[in-house]
Amino acid sequence: MLRRGVAEFIGTFTLIFIGGGAGIVSGQDIVAVALANGLAIGIMVSNLGHISGGHFNPAITLGFVATRRITLPLAAVYWASQFAGAIVAAAILRGLFSHGDFLGAVPHAAGFGAGKGLVVEIILTFFLVWAVFATAVDPRGAFKSIAGLAIGLTITIDVLMGGPLTGAAMNPARAFGPQLVGNFWGEGWIYYLGPVLGALIAATAYEYLYLRPLQPPVVGTPESGVAEPRPGDTALD
């Protein structure tokens, strides 16, 4: 648990320090911010995914809990590590920049509205968690060795669309660290409810649609054209 918790701390720290830092230094350059967030997660998933699974997001961890792919005690370690990593990264950024500049790292939806912002965060998080399950969880999907690329690119396209609207947090820790350190909460609740709902919808939908078939596959002879099950698979007569 300690080793996995440290991996989650480092990955989440990287996201907030690089992604939030890009929001400060890049200003209105949404491409730079999108690439910073996407590359940070893509690289960290590739670096640490084999240790902890590369969640770096409490909402993703919740999706794994809901589908019984992680135990609750281990999830608690992940959540503590993720929020701690976010707080430490935000504190360092705050020490490097003025308070006014630091607020560029805090996601907000003041000009878009909390209600519409909630919908955007739900949809963007759905895309992210769907990509996680389709690449890193589903053994039939893309090779796990390139899961970091797919997940990072998903975050990039999410930020390109949602960044100007809500900041495209998709991650309670990504919001909480800068909000706490900067003492700026704004429409803060949408960055907790939105990712939670989006993650639960995506995780449970993918799990029960594609990873838990309702009945075993049909067995047939080679002449029937129905593929035989793999060793260990249970099949209908």
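For S52, the side-chain hydrogen bond (donor to acceptor under 3.5 Å, both in side chains) partners two or more places apart in sequence, or in a different chain, are E8.
Looking only at distances, a side-chain donor or acceptor of E121 sits under 3.5 Å from a matching main-chain atom of A169. The closest donor-acceptor contact from the side chain of R3 to the backbone of V6 lies at 3.5 Å or more, if one exists at all. At least one donor-acceptor pair closer than 3.5 Å links the side chain of E187 to the backbone N or O of A109. The main-chain N or O of T166 is found under 3.5 Å from a side-chain atom of Y191 such that the two form a donor-acceptor pair. Of the possible donor and acceptor atoms, none in the side chain of N37 sits under 3.5 Å from a partner among the backbone N and O of T156. At distances below 3.5 Å, not a single donor-acceptor pair connects side-chain atoms of S81 with backbone N or O atoms of F9. Proximity of a side-chain donor or acceptor of H99 to a complementary backbone N or O of G182 within less than 3.5 Å is detected. In this structure, the side chain of W79 engages the main chain of P58 through a donor-acceptor pair within 3.5 Å.
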Q: Mind running side-chain contact (heavy atoms from CB on, under 4.5 Å) on M44 and F56 for me, showing each step along the way?
A: CA-CA 9 Å; M44 285 298 108; F56 316 139; 3.6 Å; yes

Q) Between M170 and I155, does a side-chain contact (heavy atoms from CB on, under 4.5 Å) hold up when you go through it step by step? A) CA-CA 9 Å; M170 304 169 280; I155 289 178; 4.1 Å; yes

Q) Should E207 and R68 be marked as a salt bridge (charged side-chain N to carboxylate O under 4.0 Å, His left out) after you check the CA-CA gap, both sets of side-chain angles, and the distance that decides it? A) CA-CA 10 Å; E207 179 77 18; R68 299 183 180 181; over 6 Å; no

Q.
Would F126 and I122 count as a side-chain contact (heavy atoms from CB on, under 4.5 Å) here? Give the steps.
A. CA-CA 6 Å; F126 176 93; I122 291 173; 5.5 Å; no

(Q) With side-chain contact (heavy atoms from CB on, under 4.5 Å) as the criterion, how do F97 and I92 come out once you've worked through the C-alpha distance, each side chain's angles and the decisive distance to 0.1 Å? (A) CA-CA 9 Å; F97 299 97; I92 293 175; over 6 Å; no

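Relative orientation of the F83 and F176 rings is perpendicular, given thresholds of 30° and 60° on the angle between their planes. The aromatic rings of F133 and Y206 sit tilted relative to each other, their planes meeting at an angle between 30° and 60°. Ring geometry for H55 against F64 counts as tilted: the plane angle lies between 30° and 60°, on a 0 to 90° scale.
Taking CD1 of I87 as the start and CZ of F13 as the end, the distance is 12.5 Å to the nearest 0.5 Å. Note: M1 CE to L74 CG = 5.0 Å, rounded to the nearest 0.5 Å. Between the CD1 atom of I123 and the CG atom of L128 there is a distance of 14.0 Å, given to the nearest 0.5 Å.
When side chains are defined from C-beta on, L118 counts as touching W189, because their heavy atoms get closer than 4.5 Å. The closest side-chain heavy-atom distance from R94 to P178 is not below 4.5 Å.
Listed by chain and number, the hydrophobic cluster partners of I157 come to none, as no ILVMFWY side chain reaches under 4.5 Å of it.
Shortest non-hydrogen contact noted between V65 and A75 is CG2-CB, 3.4 Å. Counting all heavy atoms, side chain and backbone alike, A173 lies closest to Q82 at CB-O, 3.9 Å. Annotation for V132 and I60: closest pair CG2-CD1, 4.0 Å, computed over non-hydrogen atoms. Across all non-hydrogen atoms, the minimal contact from A66 to L200 is CB-CD2, 3.7 Å. Between P195 and I190, the shortest heavy-atom contact is CD-O, 3.4 Å. Summarising the geometry of A150 relative to T154, their closest heavy-atom pair is O-OG1, 2.8 Å, with the distance given to 0.1 Å.
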Atom pairs and distances, donor-acceptor, side-chain atoms in residues 19-34, under 3.5 Å, two or more places apart:
residue, atom, partner, partner atom, Å
S26, OG, A22, O, 3.1
D29, OD1, V31, N, 3.4
D29, OD1, A32, N, 3.3

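If you run side chain to side chain contact (heavy atoms under 4.5 Å, CB included) between I41 and each of I151, N57, T12, L153, only I151 comes through.
Note: the hydrophobic cluster containing L149 does not contain V45 (ILVMFWY, side chain heavy atoms under 4.5 Å, direct or indirect links).
Around CZ of R69, the count of heavy atoms belonging to other residues, nucleotides or ligands within 6.0 Å exceeds 12.
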